[in-house]
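Computed from a prediction, not measured in an experiment: that's the story for all the values here. Because only heavy atoms are used, hydrogens play no part in the values below, and waters and symmetry mates are left out as well, while side chains stay in. Residue numbers start from 1 in every chain, and the chains themselves are labelled A, B, ... in the order their sequence lines are given, proteins ahead of strands.
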Amino acid sequence: MPDLTGWLLDLYPDPQGGVVLWLLGDDGERRRLRQPFPVTFYAAGPSPRLRDLWRFLQTEPVHLERAERRDLFQGPIPVLAARFDRPADQPRVFRRAAQAFPDLTFYDADLSLALRHAAVFGTFPLSRCQVAATSDGIITDLQVMDTPWELDPARPPLRAMTIEPEVDPFHAEPTYLQVCAAGRVYCLSLEPARPLLINLAALLRRHDPDLVLTQWGDGGTDHRAGHSSRGLLLRLLDLAQEWNIPLPLNRDPQGQIVHKPDRSYAAYGQVIYRGAQVHLAGRWHVDAANTVMFHDYGLDGVLEMARVTALPVQTAARVSPGTGISAMQIVTALRLGVLVPYHKQQAERPKTALELFRSDQGGLVYQPLIGLHADVAELDFVSMYPSIMARFNISPETVPLDFEERNADFERGLIPRTLQPLLEKRLALKQRLLTLPAWDARRESDRKRVSAHKWLLVTCFGYLGYKNARFGRIEAHEAVTAYGRECLLRAKEAIEDLGGTVLHMYVDGLWVKKDGASTPEDFRPMMDEIAARTGLPVGLDGIYRWVAFLPSRQDSRLPVANRYFGVFQDGSTKMRGIEVRRRDTPAWIAEAQIELLACLAQAAQVEDLPARLPQAQRILRRKLAELRAGRVPLAKLVVRQGLSRELDAFVTRSPAARAAGQLAAVGKHLRPGQSVRFLYTLGDPGVYAWDLPEPPDPRTLDLRRYQVLLLRAAETVLQVGWDARVRGKLLPAGPFGVQQGALWDGRGGLIQ
DNA sequence: TCCTCACGGGG
DNA sequence: GTGTACGTGAGGA
């Protein structure tokens with residue numbers, strides 16, 4: 001076979017030995033190729049125990065030898081190397097070894113084949129490959145011609161097919177599938193099964209898609225049975241078996257369809273639910289309804305995630321960014337010849353009081369000056385924590401060193417090496433976004449790629465602080481936050497030295513005022529000075545015409561960090577920490593708050609704000625009238641809240657728990673991490689779950705409850721122009737005079 | 001008044 | 001096949 005060039009689509013273990021690679025050739029052919037690819041895991045420990053392990057493994061299909069490899073912290077150590085010509089055997093043999101020798105330390109033992117391949121050949125999903133292969137498809141040479149860091153990689157002519165039922169199976173039983181391929185739409189009735197299967201199989205054969213994009217193809221929970229269920233794809237395969245009609249969902253006839261059950265886990269201080277997964281061989285299955293942050297970064301973001309992490313597309317689509325950055329660290333380690341510790345699943349033990357005390361030092365927060373402020377610049381450090389790790393070479397193996405020492409020439413750590421190209425690519429994409437004209441099709445795609453990078457960078461920091469992480473170390477985590485605080489304080493000094501006032505600081509942002517300064521150029525010297533004093537770049541998020549830092553609701557004399565809203569010079573608004581930003585705020589309330597703020601935003605300067613109040617009051621009265629007249633669509637009044645635990649584990653029956661209870665009563669069991677939707681209703685139990693079979697009765701709506709929610713949200717934004725004692729008088733700065741409830745009479749009525 | 005629970009932040 | 005920490009605010013008891 002002559003040399004082939006094309007894009008790498010997929011890579012997985014070959015049961016016959018080595019790996020299977022799917023290549024989308026420049027000639028448009030999809031080829032299944034095979035490549036010998038031995039993999040090795042290592043064990044370290046006392047010599048007699050390693051000899052025992054050697055004897056233990058002798059009956060297995062493995063080559064054994066003594067060797068020396070580098071541990072990240074200890075440097076070179078003696079190890080027993082176990083090499084497999086058939087990577088498919090490695091997980092099973094390792095499990096046996098780990099069980100029999102729990103006292104030994106294992107390395108490179110639980111690594112995905114794609115990452116190992118990436119470390120050796122530089123492959124990643126959709127990498128441009130040049131391949132020499134024998135006539136029966138065995139690769140003899142493989143060269144990767146590009147890197148994950150290209151801004152404009154050559155776009156492969158991917159074929160996509162979407163398969164979706166017409167409704168979410170959680171809400172109703174679907175009756176047909178809508179299938180789109182090559183610009184055509186087909187509707188396939190789910191009943192009867194025989195023509196469905198024959199037609200779907202024909203479509204799959206005719207279009208032979210590289211990507212099968214579904215809604216609910218993965219599945220999730222079976223709400224009738226209360227356990228994990230078979231999603232759309234598995235149900236189709238069940239049917240195919242029942243009717244004995246082959247359904248070629250897999251492109252690889254010898255490949256397995258991999259099914260992973262659903263689960264709930266704790267992450268980021270909350271519980272997350274992940275539905276069951278179905279992975280195909282030789283083509284990708286992506287379930288848009290079961291893909292982490294698909295709405296945030298879409299298919300472009302998923303492909304970008306796969307490129308930079310080297311995780312297979314189907315995995316990249318479903319894992320959290322934490323796993324993505326971890327994958328990148330693993331590849332870095334493998335390339336450096338550093339051993340990757342086996343990742344034990346340790347139960348998290350409660351932290352001791354000392355640990356709690358130690359970890360108490362997070363980002364620096366400087367309480368804001370409550371009130372309205374004009375001509376305020378918001379300066380943000382760009383990707384602060386990742387930049388600190390890269391700039392000051394903070395990595396588990398390089399801490400502790402103090403701030404000044406950091407500038408000295410130390411060997412680059414594992415984490416900075418991993419982050420550096422990511423930071424550079426993100427910056428380059430962001431810069432290009434600023435220059436691309438609005439009509440350029442690359443804009444949307446770049447935006448999504450930037451978003452995917454952001455999440456990788458953000459989680460890298462959190463991951464450092466997790467004690468079970470492969471390359472985590474709490475001291476490194478603390479070093480990052482310590483540097484962050486140091487940089488923020490240096491920035492404050494720089495601002496004050498140049499005559500500015502810092503109104504508020506929050507982890508990586510500063511809100512700054514300076515007499516006579518109102519344009520970006522006016523703030524430029526400050527930014528340059530901050531960059532010079534900290535070594536980190538700062539960006540100008542914008543200059544507010546006016547911004548309001550809100551007081552605490554519990555005690556209006558106290559400021560709270562990060563509750564504010566304001567209007568930039570270009571007329572756009574920014575809000576943080578208030579009702580609109582919360583996922584559990586009903587759409588109608590959020591829209592009202594946005595409308596009220598848009599009304600205030602028409603004030604070009606602070607002095608014009610009081611004149612906006614009559615208009616704001618009219619908006620509010622109109623909203624209330626809408627509600628009372630029953631003209632608000634019920635869907636816009638739905639509250640959506642996550643559930644952090646199983647139903648019987650709730651100590652207090654919160655509205656969300658009561659709504660979940662109603663669903664459970666009709667057999668729809670929600671698992672931790674899933675969310676429940678409900679309306680506030682009159683009487684007991686005060687809520688009505690949105691997903692109950694019977695539609696809610698609009699007459700039972702708790703209108704007073706919604707009025708309270710509306711007026712509370714209105715009060716949050718209107719207090720800037722409203723004083724309870726001096727009606728309509730503006731309070732330009734300093735504490736607001738408004739008290740909680742000043743706008744309304746407590747019974748849902750508006751104070752006139 | 002105290003306790004429980006959900007949420008934010010990053011663009 | 002994951003991963004922070006902490007403060008605020010709302011609702012229940």
Side-chain angles (χ1 to χ4, degrees), chain A residues 110-112 260 263-272 274 277 292-293 296-297 311 315 318-327 330 343 345-346 348 351 356 359-363 365 367 380-386 426 430 433 447-448 450-472 474 477-478 480-481 506-509 539 541 550 552-555 558 560-563 574 576-579 581-585 639-645 649-658 675-676 680 686-687 705 708-709 712 716 740:
Chain A
D110 54 348
L111 306 183
S112 113
K260 304 179 180 195
R263 64 208 180 81
S264 297
Y265 60 89
Y268 291 91
Q270 51 185 333
V271 180
I272 293 172
R274 184 71 42 83
Q277 302 179 14
V292 185
M293 295 177 291
D296 265 17
Y297 50 66
L311 289 168
T315 310
R318 292 170 175 90
V319 296
S320 75
T323 307
I325 197 75
S326 170
I330 287 168
H343 189 202
Q345 301 276 52
Q346 295 171 358
E348 180 111 41
K351 280 189 174 169
L356 279 174
S359 62
D360 200 17
Q361 299 247 323
V365 174
Q367 294 300 342
D380 296 305
F381 283 100
V382 184
S383 297
M384 185 195 225
Y385 285 162
R426 178 173 151 82
K430 279 181 86 166
L433 257 177
R447 221 180 40 74
K448 289 174 168 159
V450 162
S451 173
H453 289 164
K454 178 201 66 185
W455 286 101
L456 286 172
L457 291 172
V458 164
T459 40
C460 184
F461 161 69
Y463 181 84
L464 204 56
Y466 184 57
K467 107 177 88 52
N468 287 349
R470 278 183 214 267
F471 297 111
I474 193 67
H477 189 266
E478 286 169 352
V480 175
T481 55
Y506 192 82
V507 186
D508 60 354
D541 199 50
L550 299 180
S552 164
R553 271 214 144 96
Q554 337 270 23
D555 184 339
L558 297 181
V560 293
N562 229 29
R563 253 174 84 82
K574 181 167 179 174
R576 289 297 180 267
I578 65 175
E579 287 82 353
R581 297 288 297 183
R582 294 179 63 99
R583 285 176 304 195
D584 56 356
T585 299
V639 179
R640 185 193 190 99
Q641 257 183 354
L643 297 168
S644 62
R645 60 204 70 204
F650 277 95
V651 180
T652 51
R653 305 293 286 174
S654 65
R658 298 199 302 269
S675 49
V676 61
Y680 286 115
V687 292
R705 184 84 173 240
V708 169
L709 291 178
R712 206 186 268 153
T716 301
Q740 189 172 350

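When rounded to the nearest whole Å, the span between CH2 of Trp455(A) and P of dT4(C) equals 13 Å. Following rounding to the nearest Å, Gln277(A) (CD) and dG1(C) (P) show an atom-to-atom distance of 8 Å. Here the C1' atom of nucleotide dC5(B) and the CZ atom of Arg583(A) are 13 Å apart, to the nearest Å. Across the protein-nucleic acid pair, Arg653(A) atom CZ and dT4(B) atom P stand 16 Å apart, rounded to whole Å. The NE2 atom of His477(A) sits 6 Å away from the P atom of dA5(C) (whole-angstrom rounding). Atoms CD (Gln554(A)) and P (dA10(C)) sit 7 Å apart, rounded to a whole Å. If you take NZ of Lys574(A) and P of dG10(B), they are 6 Å apart, rounded to a whole angstrom. For Tyr463(A) and dA5(C), the OH to P distance is 15 Å, given to the nearest whole Å.
Within the 4.0 angstrom heavy-atom criterion, no nucleotide atom of any strand lies near Asp508(A). Within 4.0 Å (heavy atoms only), Ser451(A) reaches no atom of the nucleic acid at all. Residue Leu457(A) is out of contact with every strand shown, counting any heavy-atom pair closer than 4.0 Å. Among the protein residues, Arg470(A) comes within range of the nucleic acid bases, having at least one heavy atom under 4.0 Å from a base atom. Using a 4.0 Å heavy-atom criterion, one finds that Phe650(A) contacts the sugar-phosphate atoms exclusively. Across all strands shown, Ser552(A) has heavy atoms under 4.0 Å from sugar-phosphate atoms exclusively, and none from any base.
Between Ser654(A) and dT4(B) there is no side-chain polar atom (N or O) within less than 4.0 angstrom of OP1 or OP2. Between dA10(C) and Arg712(A), a contact under 4.0 Å exists linking OP1 or OP2 to a side-chain N or O. Listed pair Arg576(A) / dG8(B) fails the phosphate criterion, with no side-chain N or O lying under 4.0 Å from OP1 or OP2. Residue Arg447(A) places none of its side-chain N or O atoms closer than 4.0 Å to OP1 or OP2 of dG11(B). Between Arg705(A) and the phosphate of dG11(C), there is a side-chain N or O to OP1/OP2 separation shorter than 4.0 Å. Applying the 4.0 Å criterion to OP1 and OP2 of dA10(C), one finds that Arg582(A) has every side-chain N and O outside that range.
Nearest approach of Val560(A) to Ser552(A), heavy atoms of both residues: CG1-CB, 3.6 Å.
The aromatic rings of Phe461(A) and Tyr385(A) sit tilted relative to each other, their planes meeting at an angle between 30° and 60°.
Partners of Arg470(A) by salt bridge (Lys or Arg N to Asp or Glu O under 4.0 Å), not counting sequence neighbours, listed by chain and number: Asp110(A). With sequence neighbours excluded, the residues forming a ring-ring contact (aromatic ring centres under 6.0 Å, His included) with Tyr680(A) are Phe678(A), Tyr706(A), listed by chain and number.
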Gln641(A) and Ser675(A): CA distance, side-chain angles, deciding distance, side-chain hydrogen bond (donor to acceptor under 3.5 Å, both in side chains) verdict: CA-CA 5 Å; Gln641(A) 257 183 354; Ser675(A) 49; over 6 Å; no

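Between dG11(C), dT4(B), dG11(B), one nucleotide has an atom nearer to the side chain of Pro655(A) than all others, and that is dG11(C). Distances from the side chain of Asp584(A) to the nucleotides dG9(B), dC5(B), dC7(B) place dC7(B) closest.
When the P atom is used for both dT8(C) and dG9(B), the distance is 14 Å, rounded to whole Å.
Side-chain atoms of Arg581(A) stay outside donor-acceptor range of the base of dG9(C), with no qualifying N/O pair under 3.5 Å.
Two residues, Gln367(A) and Arg658(A), neighbour DNA chain C, and the one matched to the more 5' nucleotide by heavy-atom proximity is Gln367(A).
Counting heavy atoms from C-beta outward, Phe650(A) and Leu643(A) have side chains that approach closer than 4.5 Å.
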